[in-house]
A.B. asks: 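Got a structure here, written out as structure tokens. Questions coming.
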Amino acid sequence: MDNGASSYRRFLAGEDTAFAEIIREYRDGLILYINSFVSDITEAEDLAEETFIKLVTKRPRYNGKASFKTWLYTIGGNLARDYLRKAARRGTLPLENYEMTADETELEEIVIRNEQSIAVHRSMNKLKAEYRQILWLIYFEGMSMKDASAVIGKSTHAAENLAYKARQALKAQLGKDGFDYENL
Amino acid sequence: MRTYEETFERVMAGRDSYMRRKKERTKMITTGSIALAGVALAVVSVIAVKNRQQINTASAEDKKDSAAESVNDYTVPDLLTQEITSYFGVEDSTHISEENGDAIRNSVPEWNPGPDSLNETQTVTAPATADEKTRATTAHGETKPATSKAIVEETALCSVYKYHIDSGKYKNYIAGKVIDNEKVGEKIGSVTVTGGWQGTGNTSTKETLSADVYYIKGVSDDVAVCLKFNDKGDALTTDHYYVMINTHSDYSAVREYFIGPGSGQTDTDKNVPTASNPYYEEISKEQEKTRNKNEFVTERTSAAYTIPE
């Protein structure tokens, strides 16, 4: 059992402080993952917060079939998709080419730490949303293809194809940005 | 970017807010449900009260209608039935037995027909208490008296008193009206008369009365005579002269005394025995033989007849 699952079970047993552990453990990564959807770090932070609120209010049952992170990111991803649908209806979809904010830069440094990885992440943000999502899950969250496919809601094979295309796109983008993909 | 603590506080605050909203929503639903139930109960109560009022109103109208109908349908037979029950003490007046009918007839006090009592509807004055006993108001506000007088009239309409001379020349003469005393001539003889009430129901009675026969001035006894009863019967008096008419003769001289349908016979009644009946002829022959010996001789007529006893 991973730490997240243990903390969540303790929270369900009435230990509120256990949820603080979950937030500390998963919040930044979830924000960056959601940001791969919405391309708005502030909105991503709110959506991540909403994801946690959903856990503490609805108290959904975690069955342990996948890792707690996979389950948490799946919930966050669904909320992000709902947000995008509503934004599409309102006509307020985020722009594809956005300027990185200080918050996002700070978060990158906290989560990614490695300068090369930060460079890759910034090149990733110039890719399509679905490429960003699958690459984030695989390269930065270290998920297996099976877990990543579960989070994005696709089959493993589809996730593999998507990941392949995403790598090719990233490779091309890194080349444009002055990096050599083979050396990363 | 918020700190983890801030995020945690916001998440917990979000939970508290969610729980508060949920509680309020539950409270609103409960309150709303109670209020809705109260409103529904009030509406149902109002509807029930209105329905009850309508039912009461309809019931009252039905009672009024029924009362009006009962008054409108308050026919003479109903009054008769009601009054018979109250006056004669017949419990089930809707089924008047023969005994009850007789009791009713016999209970009619002081049957005093006037001179024209056989010509008209006979009226007997019943006790005042019975007269004033029942009054019914119709829907039009008219007062319809329901007295024993009406009952007796009804009874009289249902029954007539018929009589005839038992034998002799005048046996088949038809009873007529009362004639004035000054038109009565000399006495011819004495006869017996059988009379009685003949009703539409089983109300027939029979009695034998003695009477004297008189000529009518200016009229042949072949056409008509008159009777003066010696015995007072159920309907006839001893103070009046009752015309007896031979309907098979030209009785135009006494037509005014002829009782049509009221007597139960008409001038076109073919069932009336004629003068050609054997008994009449036998009488005539006997009368011829004893003409000079007849104690009843009249100067006005060419023949004198013996009235057989």
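Remember, predicted model here, so these are calculated numbers, not experimental data. So you know, we letter chains A, B, ... as the sequences are listed, proteins then strands, and number each from 1.
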A.B. asks: Which residues, numbered in order, of residues 15-25 of chain B come under 4.5 angstrom of chain A by heavy-atom distance?
C.D. replies: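 The residues closer than 4.5 Å to chain A, in numerical order, are B:Arg15, B:Tyr18.
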
A.B. asks: Donor-acceptor check, side chain of A:Arg27 to backbone of B:Thr3, threshold 3.5 angstrom: yes or no?
C.D. replies: yes

A.B. asks: Between A:Glu49 and B:Thr7, is there a donor-acceptor pair closer than 3.5 Å when you use the side chain of the first and the backbone of the second?
C.D. replies: no

A.B. asks: Quick one: which of B:Glu9, B:Arg2, B:Met12 has the most heavy-atom pairs under 4.5 Å with chain A, could you say?
C.D. replies: B:Arg2

A.B. asks: Report the distance from atom CD of A:Glu21 to atom OH of B:Tyr4, rounding to the nearest 0.5 Å.
C.D. replies: 13.5 Å

A.B. asks: Is there a side-chain contact between A:Arg24 and B:Phe8 in this structure, where contact means two heavy atoms from C-beta onward sitting under 4.5 Å apart?
C.D. replies: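 They are not in side-chain contact.
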
A.B. asks: A side-chain contact here means heavy atoms from C-beta on lying under 4.5 Å apart; do B:Glu6 and A:Ile23 qualify?
C.D. replies: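 When only atoms from C-beta onward are counted, A:Ile23 and B:Glu6 do not touch, as no gap falls below 4.5 Å.
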
A.B. asks: Just how far is it from atom CZ of B:Arg10 to atom CZ of A:Phe52, taken to the nearest 0.5 Å?
C.D. replies: 13.0 Å

A.B. asks: Tell me, side chain or backbone of B:Glu5 under 4.5 Å from chain A's heavy atoms, or both, or neither?
C.D. replies: side chain

A.B. asks: Need one label for A:Ile31: side chain, backbone, both or neither, based on atoms under 4.5 Å from any heavy atom in chain B.
C.D. replies: side chain

